[in-house]
Every structure is written in C-alpha cells, then in structure tokens.
Enquirer: 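I have a structure here, written as structure tokens, and I will follow up with some questions on it.
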Amino acid sequence: MEKRALITGITGQDGSYLAELLLEKGYKVFGLRRRTSVPILENIEHIKNDIEFIDGDLLDMGSLINAVNISQPDEVYNLAAQSFVGTSWIQPVLTGEVTGVGVTNILEAVRVVKPDARFYQASSSEMFGKVVETPQKETTPFYPRSPYGVAKVYGHWITVNYRESFDMFACSGILFNHESPRRGVEFVTRKVTDAAARIKLGLQKELRMGNLDAQRDWGFAGDYVKAMWLMLQQEKPDDYVIATGETHTVQELVEIAFGHLDLNWRDYVVIDPKFVRPAEVDLLLGDPSKAKQKLGWKLDVGFEQLVTMMVESDLKRMENNR
Ligand code: NAP
Ligand code: F7E
C-alpha cells in the first residue's frame, strides 16, 4: 500500500530534497506550509503539483492536529525550525518557541491523532557547541552555544522522552552542517558561493565575513535526507549522528569557491565584526560510524565537489537572470 508522509518545513532546503526522495519512493507526500503574503516555493517549484499542502504552523497546535488528521501519516518528518544560528540571538524567544517547544507541539499532535506514526526530529550538531570531545558521537554530552543550540537540545530530549514515555517510534537525527544550491543565502557556504559568482560577473565588489577560522563538518543535503528516511525504516527507533567525518575551516571554503572561478579571495574578503557571533562554535567534527554500520548510510558528495557544485549553480542562475 502507498505510504504516507507528512513533512514540516517542506519549503526549506531539506524539506525539498526529502520530498523528492519520498516521491521517488512512491510516497504520498503532505507538506505543512505557513501562510506567507507571497508564496515561497522556490525550492519545490518543480514538484509542487505532486505535494498536498496543508496550512499550519509549529506554533499553532490546532493546525498540527488538523495536519496529522488530514494526512494520516505513516511517517512524520519534523524539519521546520527557525534554523539560522545568527538570528537566534536577535529572536531568542521565537527560536525557543519554534525550534524547541514546537517539537512538543508536533509530537503531541502525533500522539493524540496517530500515535503509531514514525517520527523524525531534525536535531543538530549545534547541540555539541563548545565540544567536550572530538569527534562528536551519539554519546557526546551537549554544550550548546546559541539560543538555537539550546532550543535544539530541548527538541532532542523531548523526542527521546516521547519515545520512552509513550513508546512512540521517535528518532532524533543529529545532523552536522549540510548544504546545497538550495541553501538559504545567509548561511556561510551559500553566502560565499553566491558572492564569488557575483564578483566573477562584476555584480559585487567585496564579501564581508565573520570568523574565518571556524571549522565545520560539511556534507551535501541530498545525502543527508537519505539518512532521515533510513532511520524510520529500522526495527527500533534510535538516535544517529550524520556527518562526513571531515572538518574544514571557513577559509578553506572561501579558497575553494573563489579559486574555482580563478579569483584570489584575499582581494575581495573583508572581515566585518557584524558577522562575528557573541559565542562561537569553533570546531565540529562528527563520527558517523553508527549510521554507517546500522543504517548502511553512505555519502556520495565530498566537500570540494559540494562547494564547486554550489558555485556553478549560482553562476548559472545569475547568467540566466542577466
Ligand atoms: P531551512 O531551509 O531554514 O527550512 C526551515 C523550514 O522551516 C522552512 O520550510 C520554514 O518555512 C519552516 N518554518 C520555520 N518556522 C516555522 C513555523 N513556525 N511553522 C512551520 N514551519 C516553519 O532549514 P534546513 O536547512 O532545511 O533544515 C531543516 C531542519 O534541520 C531544521 O530544523 C534545521 O534546524 C535542522 N538542521 C539543519 C542542518 C543543516 O545544516 N541544514 C543541520 C542540522 C539540523 P518558510 O519557508 O515559510 O520560512
Ligand atoms: O555558519 C562562520 C560562523 O551560519 C558556519 C545551520 O544549518 O548548521 C548551521 O549552523 C560558520 C560559523 O551555519 C560568516 O561563525 C564566518 O562558525 O553557515 P552557518 P551554522 O551556524 O554552523 C547547523 C548544524 C544547524 O543546525 C543550523 O541550523 O561560519 N561564519 N563568517 C559565518 N557564518 C555566516 N552565516 N555568515 C558569515 O559571514
């Protein structure tokens, strides 16, 4: 029988790749969508006619009950969040409500309406923050460094708690940074690839950046949504770290992106304190051994391939718009 999935955050980067994956697998896909004055469907324009949208918001419990009721899902993927770390210092309460308590809202809707649905929570390597061990794995204690990280720790533990309290099939995927041409332009990878393309085409003169020494474990979003699906196909619910097992500095990212377009990044990058965070996560490096062994998950796209893919995509988009 056709499987049914409800995705919150379907208009975001991961929602779009996950929807593609589930449609390819023959799922009936429902997407929770917030009301906006103009539709933001850029990431899912190509598949929008295959998705059944349900209006709702993680802050509005009634709308979530309605969404679970209409979709009667076998699987629920909670990808919705205020997901930008920088904004979480400017809107800490909203971030706590959406990214943290919002998880309880959707878990409650599932518990009340369709308790046998399998549930995926989009947890984050930001929970490790000021890391207490390297590499970070499922057993590494959390030490979040931003209101976003703090909210994600709440979301993680409430997911574990619903699994233990109500015997729900609830999984928490602790995903390290993952990127793609569909990444929001304020995140560092896309900010850099977009700027490099603009500078190459003479549309921008400089790139203002924050801390170039931060290190991240960056993978490709298309590979990471496969891990989300795999978690919900197992016999038992569990938590998994999803990462590449490699770390790179922001400076390396800049070098590769500009170098790919034969530009010397030092001629264009300006450090601007505005982009330096009140508390930084200096180093993230994940250990994906458990996911590789238990889920059979593997990566297809490496770091350099990811960055050049994003540069090429931004360049093409800008050339087409000229
Ligand atoms: P994203 O592109 O920022 O997408 C976030 C989605 O959440 C958007 O569809 C957004 O809708 C929706 N949303 C925001 N507030 C909402 C609300 N109050 N009610 C309902 N929907 C709301 O994020 P992403 O990169 O795809 O990440 C997906 C999830 O994984 C997020 O929970 C993020 O925190 C988490 N995560 C991401 C990474 C990563 O590296 N990408 C790593 C670990 C964890 P609009 O389009 O209407 O704004
Ligand atoms: O920053 C540094 C910045 O904003 C990466 C989200 O998806 O991944 C993401 O969170 C690093 C940080 O992502 C700029 O200080 C330097 O050290 O791309 P980012 P993030 O904060 O790691 C995790 C796993 C999530 O869960 C989140 O949802 O880059 N950096 N200069 C800069 N960052 C930005 N954005 N802009 C700069 O100019």
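Every number for a ligand or one of its atoms is a count from 1 in the order of the listing.
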Enquirer: Just go through Arg208, Lys191, Glu280 and tell me whose heavy atom is the nearest to atom 3 (C) of ligand 2.
Expert: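 Minimum heavy-atom distance to atom 3 (C) of ligand 2 goes to Glu280.
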Enquirer: Tell me: protein heavy atom nearest atom 35 (N) of ligand 2, and distance?
Expert: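 Checking every protein heavy atom, the shortest distance to atom 35 (N) of ligand 2 gives Glu186 O, 2.9 Å.
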Enquirer: I need the full list of ring pair (Phe, Tyr, Trp, His ring centres under 6.0 Å) pairs touching residues 58-84, with sequence neighbours left out, sorted by first then second residue.
Expert: Phe84-Phe187
Enquirer: On the 0 to 90° scale, with breaks at 30° and 60°, tag the Phe303-His248 ring pair as parallel, tilted or perpendicular.
Expert: parallel
Enquirer: Could you list which atoms of ligand 2 come closer than 4.0 Å to a heavy atom of Val85?
Expert: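 Checking each atom against Val85, I get 10 (O), 21 (O).
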Enquirer: Are any of the N or O atoms of Ser83 closer than 3.5 Å to those of ligand 1?
Expert: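 Min N/O separation from ligand 1 is below 3.5 Å for Ser83.
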Enquirer: Hey, does Leu79 sit under 4.0 Å from ligand 1 if you only count heavy atoms?
Expert: yes
Enquirer: Any idea which atoms of ligand 1 are less than 4.0 Å away from a heavy-atom of Asn177?
Expert: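 It comes down to these atoms of ligand 1: 40 (O).
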Enquirer: Less than 6.0 Å separating the ring centroids of Phe128 and Tyr143?
Expert: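 No, too far apart.
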Enquirer: Hey, is Asn211 touching ligand 2 through its side chain, its backbone, both or neither, going by heavy atoms under 4.0 Å?
Expert: backbone
Enquirer: For atom 32 (C) of ligand 2, what's the nearest protein heavy atom and its distance?
Expert: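 Going atom by atom, the protein heavy atom closest to atom 32 (C) of ligand 2 ends up being Val188 CG2, 3.5 Å.
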Enquirer: Have a look at ligand 1 and work out which part of Tyr148, if any, has a heavy atom under 4.0 Å from it: side chain, backbone, both or neither.
Expert: side chain
Enquirer: Among all protein heavy atoms in this structure, tell me which lies nearest to atom 31 (N) of ligand 2, with the distance rounded to 0.1 Å.
Expert: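 For atom 31 (N) of ligand 2, the nearest protein heavy atom comes out as Gly210 N, 2.9 Å.
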Enquirer: So, regarding Thr36 and ligand 1 (criterion: nitrogen or oxygen to nitrogen or oxygen, under 3.5 Å), is there a contact or not?
Expert: no
Enquirer: Please state which part of Lys152 comes within less than 4.0 Å of ligand 2, counting heavy atoms only: side chain, backbone, both or neither.
Expert: neither
Enquirer: Where's the contact between Gln251 and ligand 2, heavy-atom distance under 4.0 Å: side chain, backbone, both or neither?
Expert: neither
Enquirer: Would one find an N or O of Gln82, backbone or side chain, under 3.5 Å from an N or O of ligand 1?
Expert: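 N/O-N/O distance under 3.5 Å: no.
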Enquirer: Should Glu179 be counted as touching ligand 1, given the test is an N or O pair under 3.5 Å?
Expert: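 No - when backbone and side-chain N and O of Glu179 are compared with those of ligand 1, no distance drops under 3.5 Å.
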Enquirer: If you have a sec, work out which protein heavy atom is nearest atom 39 (C) of ligand 1 and how many Å separate them, to one decimal?
Expert: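 Protein heavy atom with the smallest distance to atom 39 (C) of ligand 1: His178 CE1, 3.3 Å.
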Enquirer: Is the closest heavy atom of Lys152 to ligand 1 under 4.0 Å?
Expert: yes
Enquirer: For atom 2 (C) of ligand 2, which of Val250, Val254, Asp217 has the closest heavy atom?
Expert: Val250
Enquirer: Less than 3.5 Å between some nitrogen or oxygen of Leu58 and one of ligand 1, yes or no?
Expert: yes
Enquirer: Where's the contact between Arg277 and ligand 2, heavy-atom distance under 4.0 Å: side chain, backbone, both or neither?
Expert: side chain
Enquirer: With the threshold set at under 4.0 angstrom, would you say Arg183 reaches ligand 1 through any of its heavy atoms?
Expert: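 True for this residue.
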Enquirer: Measure the distances from the heavy atoms of Arg183 to every atom of ligand 2 and state whether one is below 4.0 angstrom.
Expert: yes
Enquirer: Measuring from non-hydrogen atoms of Tyr224 to any atom of ligand 1, is the shortest distance under 4.0 Å?
Expert: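 Contact check Tyr224 vs ligand 1: negative.
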Enquirer: Checking a contact table here: which protein heavy atom is nearest atom 8 (O) of ligand 2, and how many Å away?
Expert: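 The closest one turns out to be Asn177 ND2, 3.1 Å.
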Enquirer: Looking at atom 12 (C) of ligand 2, what's its closest protein heavy atom, distance included?
Expert: Arg216 NH2, 3.4 Å
Enquirer: Using heavy atoms and a 4.0 Å limit, tell me yes or no: is Gly86 in contact with ligand 2?
Expert: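 Distance cut 4.0 Å: Gly86 fails for ligand 2.
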Enquirer: Looking only at N/O atoms, are Ser123 and ligand 1 under 3.5 Å apart anywhere?
Expert: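 No - when backbone and side-chain N and O of Ser123 are compared with those of ligand 1, no distance drops under 3.5 Å.
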Enquirer: Report yes if Tyr148 has an N/O atom closer than 3.5 Å to an N/O atom of ligand 2; otherwise report no.
Expert: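 Between Tyr148 and ligand 2, an N or O pair is found under 3.5 Å apart.
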Enquirer: State which residues pass side chain to side chain donor-acceptor pair (under 3.5 Å) with Gln204; sequence neighbours excluded, sorted by chain then number.
Expert: none
Enquirer: For atom 7 (O) of ligand 1, which candidate among Ala81, Gly12, Ser124 holds the nearest heavy atom?
Expert: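 Going through Ala81, Gly12, Ser124 one by one, Ala81 has the nearest heavy atom to atom 7 (O) of ligand 1.
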Enquirer: At what distance is the nearest protein heavy atom to atom 24 (C) of ligand 2, and which residue and atom is it?
Expert: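 For atom 24 (C) of ligand 2, the nearest protein heavy atom comes out as Ser125 OG, 3.3 Å.
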